[in-house]
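First the structure, in the form of structure tokens, and then the observations on it.
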2 protein chains.
Amino acid sequence: MEELEGNGASSVSSNEIGEKIWVGSHSVRKDISYIGEIGTVGSGYEIAKLKKHIGEKLGLNVERKACVVGLGKLGTAILQNEKLFSNNFKIVAGFDSSINKIETLVTHIPVYPAYDLADIIRKQGIELAVITVPGHASRDIIDRLVEGGIRGIVNFSSVPLHATYKEKVYVSNFDIAGEFRFLSALFTMEQQHHG
Amino acid sequence: MEELEGNGASSVSSNEIGEKIWVGSHSVRKDISYIGEIGTVGSGYEIAKLKKHIGEKLGLNVERKACVVGLGKLGTAILQNEKLFSNNFKIVAGFDSSINKIETLVTHIPVYPAYDLADIIRKQGIELAVITVPGHASRDIIDRLVEGGIRGIVNFSSVPLHATYKEKVYVSNFDIAGEFRFLSALFTMEQQHHG
DNA sequence: TTTTATCTGTGAAATATATCACAGATATTG
DNA sequence: CAATATCTGTGATATATTTCACAGATAAAA
Ligand SMILES: NC(=O)c1ccc[n+]([C@@H]2O[C@H](COP(=O)([O-])OP(=O)(O)OC[C@H]3O[C@@H](n4cnc5c(N)ncnc54)[C@H](O)[C@@H]3O)[C@@H](O)[C@H]2O)c1
Ligand SMILES: NC(=O)c1ccc[n+]([C@@H]2O[C@H](COP(=O)([O-])OP(=O)(O)OC[C@H]3O[C@@H](n4cnc5c(N)ncnc54)[C@H](O)[C@@H]3O)[C@@H](O)[C@H]2O)c1
């Protein structure tokens, strides 16, 4: 979108969108239609209008606060990469159980001891978290995140986490080793089908 | 599985598996049945046998080589975390375009300049790659990985990559910001449905 | 052995998702 | 203005995935 706007275009067709994201124009139209009739027959979708509508429906226009739990190698890499986050997500806190880590880490983002987790999340209204603690600690961490009222979690620890639907907390598991297994399975199955 | 074996159990029912991974016992049975009839009515699945069968069908018993492209913060975190990888995945190489990075990085895993990418992958038979270069470079990197005969890619760069089906290369995109957007969308939609 | 409990494998039914096809509205061209 | 090209929104169709229900096999108990 930004790319197209940069090129001076002010509207875009379902076909163009489809090509960009590798899906059929049918699907693009159908998906967009779920959030309302906002296209113009003959010319397509007005980009600014489309972005506004999607943003409103999906709550992407409001700024949301995020935190990182577990400031090891991976956690600090993410913490220090806030430029990666689009302007509606802000990492406002880091947590670790090791006081040593907290005291030695140099970053302009406030870092706290992990026992304050639930409290700080609640007080600051943090809605999103990235978990980068060792696997054995992740179960405990998610419980406390939920206790603090977290809404969404990206879990990098090697043990897959399931948030209970009842508590309305959504979690995505990012597991490199698991993904490697999945990818291997894909291409071995392909080979077994004779390739 | 290992957990259950540790407890002395030698077989497991679809029900028990389902509880562990939060899916219905129906689904467990159906999925397992796709790779053959290996269960025993009345007592369930013999764990050792089950693991062997799944491993063979999905190619998880053979050791596969992996590499990391882009040795920045994120890339080195992954490179230095090889304990994270189960014993059938081995990171055998790292790549970066900056000679400086390559020379200063301390690790026991060999690191190479990025222009050798395709060659080294082919010669060493590397099948899997993790991309952790800045977004603008990822398109080029994937082309060269494919050229070198890569089979699977986990892409951390912020631009989503699609491997062409024709070339039979599978890619998974791990995008934290994107996942945050997705999670936000989930819980805002829930709120709009009145919660 | 007989009875009862357990558990798999799978056809069938129910859902969900993706794809298609086209009426009808707008834009563009001459 | 008329004719043609473009493009959306959506009902209908097709495909895929989940869930269900149960026959029939094995194990355990009596
Ligand atoms: N750091 C994170 O937490 C994080 C999280 C999610 C995604 N990402 C994404 O991962 C990527 C890397 O993040 P980072 O924080 O490690 O950045 P970084 O700048 O620390 O590292 C990037 C590395 O890639 C190397 N590089 C650049 N061009 C290259 C090329 N053509 N070939 C080979 N190597 C090349 C650079 O020399 C550098 O070492 C970015 O796209 C970022 O958006 C980062
Ligand atoms: N490093 C990677 O590339 C990578 C990739 C994928 C997944 N992971 C997973 O991410 C997790 C972290 O990886 P890492 O390499 O950063 O490990 P790490 O050991 O460098 O960091 C773990 C950090 O978590 C902290 N911690 C431990 N228990 C805690 C608790 N109860 N509360 C708060 N903080 C606690 C530790 O003090 C440490 O700083 C691991 O589960 C790993 O399997 C890592």
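Residue numbers begin at 1 in each chain, while the letters A, B, ... track the order of the sequences. Computed from a predicted model, the values in this text were never measured in an experiment.
- Side-chain atoms of A:Asn81 and B:Leu74, non-hydrogen and from C-beta on, never get closer than 4.5 Å to each other.
- Scanning both residues, A:Tyr45 and A:Gly39, for their nearest heavy atoms gives CD2-CA, 3.4 Å.
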### Task
Could you encode protein contacts along nucleotides 13-18 of chain C as a string, one character per nucleotide from 5' to 3', using B for base contact, S for sugar-phosphate-only contact and - for no contact, with a heavy-atom cut-off of under 4.0 Å?
------
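- Two residues are said to be in side-chain contact when any heavy atoms from C-beta on lie closer than 4.5 Å; A:Thr188 and B:Arg64 meet this criterion.
- Taking a pair as Watson-Crick or G-U wobble with both distances under 3.5 Å, the runs of three or more consecutive pairs in DNA chain C are C:1-30 with D:1-30.
- By the 4.0 Å N-to-carboxylate-O rule, A:Glu56 lies close enough to A:Lys52 to be salt-bridged with it.
- Rounded to an integer number of Å, the gap from A:Ile17 CD1 to D:dC7 P is 12 Å.
- Atom CD of A:Glu3 has 12 or fewer neighbouring heavy atoms from other residues, nucleotides or ligands inside a 6.0 Å radius.
- Counting only residues at least two apart or in different chains, salt bridge (charged side-chain N to carboxylate O under 4.0 Å, His left out) contacts with residues 141-159 of chain B comprise A:Glu190-B:Arg151, B:Arg139-B:Asp143, B:Asp140-B:Arg144.
- Using a 4.0 Å heavy-atom cutoff across all strands shown, B:Ser25 reaches no nucleic acid atom at all.
- Here the side chain of A:Ser13 is nearest to one of D:dT8, C:dC7, C:dG9, namely D:dT8.
- Remark: C1' of D:dC7 and CD of A:Glu19 are 14 Å apart, rounded to the nearest angstrom.
- For residues 91-109 of chain A, the pairs satisfying side chain to side chain donor-acceptor pair (under 3.5 Å) are A:Glu82-A:His108, with sequence neighbours left out.
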N/O contacts under 3.5 Å, protein versus nucleotides 22-30 of chain D?
{"residue": "D:dT26", "atom": "O4'", "partner": "B:Val41", "partner atom": "O", "Å": "3.3"}

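- Summarising the local packing, NZ of A:Lys51 is surrounded by more than 12 heavy atoms from other residues, nucleotides or ligands at distances under 6.0 Å.
- When heavy atoms are screened at a 4.0 angstrom cut-off, B:Gly24 is found touching no nucleic acid atom at all.
- In this structure, B:Tyr45 reaches the C:dG9 phosphate: one of its side-chain N or O atoms is under 4.0 Å from OP1 or OP2.
- Nucleotide C:dT6 holds its C1' atom 12 Å from the CD atom of B:Glu16, rounded to whole Å.
- Whole-Å rounding puts the A:Leu50 CG to D:dG9 C1' distance at 14 Å.
- Under the side chain to side chain contact (heavy atoms under 4.5 Å, CB included) test applied with B:Phe95, the options B:Ile120, B:Val111, B:Val133, B:Ile131 reduce to a single match, B:Ile120.
- Here the side chains of B:Ile150 and B:Ile126 are in contact, with some heavy-atom distance below 4.5 Å.
- Within a 6.0 Å radius of CZ in B:Phe182, other residues, nucleotides and ligands contribute 12 heavy atoms or fewer.
- Residue B:Ile35 contributes atom CD1, which lies 13 Å from atom P of C:dT10 at whole-angstrom precision.
- What separates CD of A:Glu37 from P of D:dG11 is a distance of 10 Å, to the nearest Å.
- Separating the CG atom of A:Asn15 from the P atom of D:dC7 is a distance of 7 Å, rounded to the nearest angstrom.
- Computed from coordinates, the A:Tyr34 OH to D:dG11 C1' distance equals 12 Å when rounded to whole Å.
- With sequence neighbours left out, A:Phe156 forms a ring-ring contact (aromatic ring centres under 6.0 Å, His included) with A:Phe174.
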